[in-house]
Amino acid sequence: MIHDNLKINDKGNLAFANCDTTTLAKKYGTPLMVMDEDRVRSHIRTYKNAMEKSFGAKAMPLYASKALCFKGMYKIAKEEGIGIDVVSSGEIYTAVLAGFPMEKAFFHGNNKTDQDIKYAINSKVGFFVADNIEELDAIDNYAKIANIKQKVLLRLTPGIDPDTHKAVCTGNIDSKFGQAIGTNQADFITTYALSKKNIELKGFHCHIGSQIFDCQPFIDAADIMLNFIAEIDKKYGYMAEYLNLGGGFGVRYTKDNPQIDYEQNIIKISDHIKELCKKYDIKMPIILMEPGRSLVADAGITLYTVGSVKEIPGFKNYVSIDGGMTDNPRYALYQSPYTVLVANKASKKADYKCTIAGRCCESGDLIQEDVTITKPQRGDVLAVLVTGAYNYAMSSNYNKIPRPPIVMVSNGKDSLAVRRETIEDLARLDV
Ligand SMILES: *Cc1c(COP(=O)(O)O)cnc(C)c1O
C-alpha cells in the first residue's frame with residue numbers, strides 16, 4: 001500500500017486508519033469521503049516541530065485551507081496551535097464559526113473585493129497578503145474607517161518556474177499573482193505600502209507552485225526573496241519581520257511519486273536560509289510556510305459504489321461509479337494520477353485494466369484511465385486513495401448531484417464531520 005494508514009484486514013477488505021472501509025460505506029452510504037484525523041494532526045506536528053527547531057520558536061506553518069475547508073479542519077488547526085491561510089469571505093466565515101483565533105489568519109487572493117476586505121477587517125483577520133496597488137489602497141481605506149493599522153505582507157513573484165503542472169505553477173513573472181521582483185514592481189509596491197498610514201508592512205510572501213518534490217525551487221525562491229529583503233533594507237531602511245515561503249510540497253498519489261520527508265526538507269531549506277542571511281548580513285525574518293496538500297491529501301480517501309462494468313470489444317473497459325468529477329474534478333482538470341482499488345476485494349489479484357468513469361453527462365468525467373484493479377461488479381466498493389486535498393474543496397453540484405459527506409476517523413472511531421448534501425439542499429437557493 002502506498003501509505004501506512006492503508007492496510008488489508010483479515011476479511012480481505014481495505015482498512016483505512018484502522019477502520020474497515022466497507023463498513024464505513026455501509027454505515028454512511030457512498031460516495032463517501034473519509035479523513036484520517038490522526039494523520040492530519042501528525043503531518044501538522046511534523047511541520048510545526050521541524051519549523052520551530054530549524055527557524056526558531058516564532059516560525060509557524062499556516063494551513064492553506066483551500067485544500068479542504070470545513071469547521072473541523074479549522075478546529076484541528078486551532079488545537080494544534082498553527083495559523084491558517086484563507087482566500088475568501090467564505091473561508092473566513094467558516095474559520096470564525098469554528099472559533100479559530102483570527103489573529104493567526106492570513107488573507108490571500110489576487111482580487112479581494114471591497115466586501116471581502118471589509119469583512120476580513122471586521123473579522124479581525126491578523127494579516128492580509130496584499131497582491132496589488134489597488135488592493136493596498138482599499139485595505140488602507142477600510143483600515144482607516146475601522147481605526148486600525150492593518151498588518152500586511154506583500155505577495156511577490158520571485159521568477160521561479162518549478163517542475164510541476166502549469167495550472168499550479170504560480171511563482172513565475174508571467175503570473176496573475178503578486179508583483180514581480182524582476183520587473184521592479186515589487187520594489188515599487190513596497191515603497192507604496194510603506195507610505196500608507198493605516199498599513200503596517202510586516203514582510204513578504206511568495207508561493208511558487210504546488211506538487212513540488214524537489215527542495216531546490218524553494219531554496220532558489222528563498223535566495224531571491226532574501227536578496228530582495230536585504231536590498232530593500234539597504235535602500236529604504238525597512239527590514240522585513242516575516243518571510244512567508246508559501247506551500248507546495250508534493251504528495252504521493254501513486255507508486256510513481258516519491259514520499260517526501262518533510263522534516264528533512266525543512267531542515268535543508270533552513271540551513272540555506274541561515275547561510276543566506278549571513279551572506280546578505282541580515283537578521284533572519286520569522287519564517288512561515290503554507291502547506292495545504294501535504295497536510296491533508298494522504299489523510300483522505302473516497303469510497304464509491306460500482307454501478308456497471310462495460311466492456312467494449314476492441315476498446316476500453318469502463319467501470320462506472322456513483323460519483324465522479326462532481327466530487328473529484330482533478331483528473332478532468334489536470335489528468336491527476338490516483339491509486340484505485342476494489343475495497344471489498346482488496347486481497348484479490350488486480351489484473352483487470354479499465355477506466356473509472358463518473359456519473360455526469362460528460363465524456364471527460366473520468367477519475368482515472370487505464371488502471372489495473374481486481375475485476376469489480378455492481379455493488380462493489382471502489383476506493384480512490386489520497387483524495388484529501390482539492391477534491392471536496394473543488395466539488396460542484398453539476399447535474400444537480402449532491403456532495404458526499406465527510407467522515408473523520410480517529411483512533412479507529414468514526415464520526416460525521418460534514419453531512420451529505422440532500423436534493424432539498426440543492427434547491428435551497430431557488431426563489
Ligand atoms: C494553494 C496555496 C498554498 C498551498 O499549496 P499546497 O500545494 O496545497 O501546499 C499555499 N499558499 C498559497 C498562496 C496558495 O495559493
Side-chain angles (χ1 to χ4, degrees), residues 40 43-44 46-48 50-51 60-69 73 77 82-88 90-92 95 104-112 116 120 125-132 135 152-158 160-172 175-179 203-215 217-218 221-222 225 242-253 257 259-260 262 265-266 269 287-300 330 333-334 336 386-394:
V40 173
H43 285 325
I44 291 176
T46 299
Y47 268 94
K48 188 167 187 276
M51 287 184 69
M60 182 169 60
L62 316 173
Y63 170 50
S65 60
K66 70 173 194 269
L68 179 63
C69 167
M73 283 304 306
I82 62 166
I84 54 169
D85 138 5
V86 289
V87 294
S88 66
E91 287 186 357
I92 293 169
K104 285 203 229 171
F106 287 67
F107 186 23
H108 279 277
N110 67 305
N111 186 11
K112 303 173 188 74
D116 284 334
V125 161
F127 294 77
F128 276 64
V129 182
D131 187 276
N132 53 65
E135 188 184 310
V152 165
L153 304 184
L154 296 175
R155 174 147 189 176
L156 307 184
T157 40
I160 298 277
D161 201 347
D163 179 24
T164 188
H165 195 286
K166 72 173 180 341
V168 294
C169 180
T170 53
N172 42 351
S175 167
K176 73 167 185 170
F177 298 104
Q179 303 292 321
F204 301 101
H205 169 275
C206 67
H207 170 69
I208 54 176
S210 198
Q211 188 64 352
I212 301 167
F213 288 97
D214 189 8
C215 240
F218 293 98
M225 295 295 285
Y242 287 87
L243 171 59
N244 183 336
L245 292 172
F249 274 137
V251 160
R252 187 169 202 232
Y253 286 96
N257 299 137
Q259 177 64 53
I260 294 189
Y262 300 111
N265 273 282
I266 290 167
I269 294 171
I287 303 291
L288 305 172
M289 292 174 98
E290 292 170 332
R293 188 191 305 274
S294 53
L295 294 185
V296 291
D298 66 22
R330 290 187 68 254
L333 270 174
Y334 317 119
S336 305
V386 195
T387 57
Y390 306 112
N391 278 231
Y392 191 89
M394 286 187 166

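What you see is a predicted model; the values in this text were computed from it and never measured. One-based numbering, in listed order, for ligands and for the atoms of each.
- Of all atoms in ligand 1, listed by their number and element, those nearer than 4.0 Å to a heavy atom of His205 are 13 (C).
- When heavy-atom distances to ligand 1 are checked against a 4.0 Å cut-off, His207 comes that close only through its side chain, counted from C-beta outward.
- For ligand 1, the atoms lying closer than 4.0 Å to a non-hydrogen atom of Pro291 are 9 (O).
- Within the 4.0 Å heavy-atom shell around ligand 1 one does not find Phe177.
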Test side chain to side chain contact (heavy atoms under 4.5 Å, CB included) on Val386 and Arg252 and set out the steps. CA-CA 8 Å; Val386 195; Arg252 187 169 202 232; over 6 Å; no
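- Residues His205 and Leu288 have side chains not in contact (no heavy-atom distance under 4.5 Å, counting atoms from C-beta outward).
- Phe177 carries Arg155 over the face of its six-membered ring, with the cationic atom under 6.0 Å from the centre and within 45° of the normal.
- Between the side chain of Gln179 and the backbone N or O of Asp131 there is at least one donor-acceptor pair closer than 3.5 Å.
- Under a 4.0 Å criterion applied to the non-hydrogen atoms of Tyr390, ligand 1 contributes the atoms 1 (C), 4 (C), 5 (O), 6 (P), 8 (O).
- Contact annotation for His108 and ligand 1: only side-chain heavy atoms (C-beta onward) come within less than 4.0 Å of the ligand.
- Close approach to Arg155 involves these atoms of ligand 1, each under 4.0 Å from a residue heavy atom: 13 (C).
- Annotation: side chain of Val296 is not in contact with side chain of Tyr390 (no heavy-atom distance under 4.5 Å).
- At a 4.0 Å cut-off, not a single heavy atom of Ala67 sits close enough to ligand 1 to count as contact.
- Atoms of ligand 1 found under 4.0 Å from any heavy atom of Gly292 (numbered from 1 in listed order, with element): 4 (C), 6 (P), 8 (O), 9 (O).
- Counting the atoms of ligand 1 from 1 in the order shown, those under 4.0 Å from a heavy atom of Glu290 are 3 (C), 4 (C), 9 (O), 10 (C), 11 (N), 12 (C), 13 (C).
- Between Gln211 and ligand 1, a contact under 3.5 Å exists for no N or O pair.
- A side-chain donor from one of Ser294 and Tyr47 sits under 3.5 Å from a side-chain acceptor of the other.
- Within the listing of ligand 1, atoms 10 (C), 11 (N), 12 (C) sit less than 4.0 angstrom from a heavy atom of Asp85.
- Because its NZ or CZ atom is both nearer than 6.0 Å to the ring centre of Phe107 and within 45° of the ring axis, Lys112 counts as a cation-pi partner of that residue.
- Ligand 1 has at least one atom lying under 4.0 Å from a heavy atom of Gly248.
- Side-chain atoms of Glu135 never come within 3.5 Å of backbone atoms of Asn111 as a donor-acceptor pair (strictly under, hydrogens ignored).
- Relative orientation of the Phe106 and Tyr242 rings is perpendicular, given thresholds of 30° and 60° on the angle between their planes.
- Taking every heavy atom of Ala64 and a limit of under 4.0 angstrom, the matching atoms of ligand 1 come to 3 (C), 4 (C), 10 (C).
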